[in-house]
Peer 1: 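Would you mind keeping the following structure in view while I ask a few things?
Chain identifiers are assigned alphabetically (A, B, ...) following the order of the sequence lines, protein sequences preceding nucleic acid strands; residue numbering begins at 1 within each chain.
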There are 2 protein chains.
Amino acid sequence: MSPSSGSAAVSSGIVAHAPPGLRLAHFASLLADETRAVFLLSLLDGRAWTASELARQAGVAASTASEHLSRLTAAGLLAEERQGRHRYVRLADAAAARLVESVAAYALPGRDNPHTLRAAGASSAMARGRTCYDHFAGRLGIAVTDAMERRGLLLMGSGFALTEEGLDWFGGLGIHLLPAKSRRPMVSSCLDWTERKRHLAGIAGAELCWLALEKQWCVRIGSERAVKVTAAGERALYALLGIEADELR
Amino acid sequence: MSPSSGSAAVSSGIVAHAPPGLRLAHFASLLADETRAVFLLSLLDGRAWTASELARQAGVAASTASEHLSRLTAAGLLAEERQGRHRYVRLADAAAARLVESVAAYALPGRDNPHTLRAAGASSAMARGRTCYDHFAGRLGIAVTDAMERRGLLLMGSGFALTEEGLDWFGGLGIHLLPAKSRRPMVSSCLDWTERKRHLAGIAGAELCWLALEKQWCVRIGSERAVKVTAAGERALYALLGIEADELR
DNA sequence: GCGACCGTTCGGTCCGCACCGAAGGGTGCC
DNA sequence: GGCACCCTTCGGTGCGGACCGAACGGTCGC
């Protein structure tokens with residue numbers, strides 16, 4: 001995908017025809033600051049935050065946060081919506097989220113360690129289920145992905161792709177996945193940096209997540225990215241994928 | 001982030017339990033310098049370069065290059081082998097290569113533009129076929145990948161995975177792909193930043209590349225990463241995948 | 001209207017770090 | 001042994017950029 005061509009890059013100070021090394025370095029420097037990194041990690045839930053929320057999160061002055069947000073937006077990593085006196089920002093698109101995820105997955109230590117899984121025990125709800133930009137992660141994401149593989153809907157051993165049956169399964173939910181509908185892959189895997197296990201992402205993952213929220217199979221908990229499976233959700237997951245409620249706890 | 005408790009930094013750069021934002025930023029800062037970026041892009045061919053070659057490539061003094069290489073090595077991105085008075089460095093592993101590729105794919109403009117494909121027309125050989133760390137890229141990589149899809153060996157529309165037939169096909173070549181043999185995915189796709197098209201990577205891609213070089217289906221051209229398909233290679237590609245020689249030119 | 005709040009802009013400060021040249025150790029060649 | 005070569009270490013310099021506080025303009029609520 002890349003920034004929609006030069007325009008964003010130009011406004012951020014880089015010439016379109018700069019040598020590749022310089023372009024790569026300039027771009028990487030966007031992530032190479034703790035404050036901006038905290039912003040991006042916070043935004044990985046795919047939702048919009050206000051400038052002051054992010055400033056508090058990172059522990060910097062509002063003026064500092066403002067400058068950082070302008071830079072990230074100019075580079076095309078963030079999209080913003082102004083509402084009244086608030087500036088809401090979110091990750092620009094799935095490609096931006098994917099990029100942050102992939103760098104984080106490499107840079108951050110594997111937290112397989114059960115007792116440090118999300119250091120503050122407060123967020124065991126996060127371990128159970130959460131959104132990862134626009135699809136499910138946590139045990140919920142893993143359970144769905146694994147169940148799809150068990151049922152022959154998804155190939156995972158030799159790559160990561162939906163089978164014919166998998167496409168039909170989505171069709172049965174009213175989700176019709178068209179190949180090459182956009183530049184974004186229809187199906188891809190996401191290696192979450194807390195779970196260290198691949199789970200369903202891409203358009204298919206996003207559509208499934210959206211459907212589950214719409215049908216109230218899951219609801220968001222508070223203002224966090226954590227989600228909770230409802231009773232109706234447990235029934236649906238069992239009927240559709242044979243997932244036992246125990247698996248999700 | 002200003003003071004950032006300077007004591008946090010150790011020789012390798014950062015303590016293990018630093019907050020995620022700081023770790024991510026420290027890591028990204030490795031790519032956030034033009035000289036280091038040039039090094040990494042040069043090393044994307046998967047081969048080993050000497051320190052002075054890289055210094056010349058980037059246009060910096062040997063002392064400067066030495067410091068950069070030490071940093072990249074300490075961080076685990078590069079591996080080094082000392083031979084006599086030479087210091088050879090290469091990308092540490094496929095994960096490191098993948099990381100650089102994914103950031104580059106986002107940061108660098110799409111060079112779909114036919115006439116700027118590898119700016120210096122000198123390297124049309126590169127466009128025909130080359131190695132991308134440890135697997136094939138260029139038209140050769142695309143041709144192999146597409147042919148595998150046409151033959152039902154590879155699913156690409158709904159993800160990216162080998163089918164049963166695909167696994168058998170590899171078995172017929174004497175390549176036995178075992179699931180979960182390592183942390184590296186058996187099959188994955190690589191989006192090359194010059195071609196902008198997915199092609200076969202992962203263990204399967206690497207094994208296939210290695211086999212082709214061993215059987216002299218392809219040979220390296222000069223000291224570049226470009227490869228050339230031999231006459232024996234054309235026969236083999238036709239017999240195995242039905243690839244016409246025209247496709248490769 | 002006035003005050004509370006959110007965000008931005010502007011000086012000014014300060015630290016990190018990329019860079020070089022010079023000097024020094026290790027290796028290989030003749 | 002002597003010399004050329006590859007690399008490293010060490011001071012010193014200069015620039016980019018992250019940060020803050022203060023001042024200002026917009027937006028909402030009372």
Peer 1: Return the set of residues passing side-chain hydrogen bond (donor to acceptor under 3.5 Å, both in side chains) with B:T131 (not counting sequence neighbours), or none when no residue passes.
Peer 2: B:R220
Peer 1: Under the side-chain hydrogen bond (donor to acceptor under 3.5 Å, both in side chains) test, which residues partner B:R198, sequence neighbours left out?
Peer 2: none
Peer 1: Identify, with sequence neighbours excluded, every residue that meets salt bridge (charged side-chain N to carboxylate O under 4.0 Å, His left out) alongside A:E214.
Peer 2: none
Peer 1: How long is the line joining CD of B:E80 and P of D:dC7, in whole Å?
Peer 2: 11 Å
Peer 1: My understanding is that only one of B:R225, B:R184, B:R90 makes a salt bridge (Lys or Arg N to Asp or Glu O under 4.0 Å) with B:D134; could you say which?
Peer 2: B:R184
Peer 1: Quick check on D:dC5: is either OP1 or OP2 less than 4.0 Å from any side-chain nitrogen or oxygen of B:S52?
Peer 2: no
Peer 1: Quick one: salt bridge (charged side-chain N to carboxylate O under 4.0 Å, His left out) partners of A:R36, sequence neighbours excluded?
Peer 2: none
Peer 1: Between atom CD in A:E53 and atom P in C:dC5, what is the gap in whole Å?
Peer 2: 16 Å
Peer 1: Counting only side-chain nitrogens and oxygens, does A:R87 get under 4.0 Å of the OP1 or OP2 atom of C:dC6?
Peer 2: no
Peer 1: Please convert DNA chain D into dot-bracket. A pair counts if it is Watson-Crick or G-U wobble with both distances under 3.5 Å; crossing pairs go in [ ] and bases paired with another strand get |.
Peer 2: |||||.||||||||||||||||||.|||||
Peer 1: Measure NE2/A:H86 against C1'/C:dT8 and give the value in whole Å, please.
Peer 2: 15 Å
Peer 1: Who pairs with B:E80 by salt bridge (charged side-chain N to carboxylate O under 4.0 Å, His left out), at least two apart in sequence or on another chain?
Peer 2: B:R82, B:R87
Peer 1: OP1, OP2 of C:dG16 versus side-chain N and O of B:R71: anything below 4.0 Å?
Peer 2: no
Peer 1: Looking across every strand, which nucleic acid part, if any, lies under 4.0 Å from B:T35 by heavy atom: base, sugar-phosphate, or nothing?
Peer 2: sugar-phosphate
Peer 1: Show me the donor-acceptor pairs, under 3.5 Å and distance only, between side chains in residues 57-65 of chain B and residues at least two apart or in other chains.
Peer 2:
none

Peer 1: Could I get the full list of salt bridge (charged side-chain N to carboxylate O under 4.0 Å, His left out) partners for A:R98, not counting sequence neighbours?
Peer 2: none
Peer 1: Which letters describe nucleotides 20-30 of chain D, given B = protein heavy atom under 4.0 Å from base, S = only from sugar-phosphate, - = neither?
Peer 2: BB-----BS--
Peer 1: Once you apply a heavy-atom cut-off of 4.0 Å, does A:T50 come out as touching a base, just sugar-phosphate, or nothing?
Peer 2: sugar-phosphate
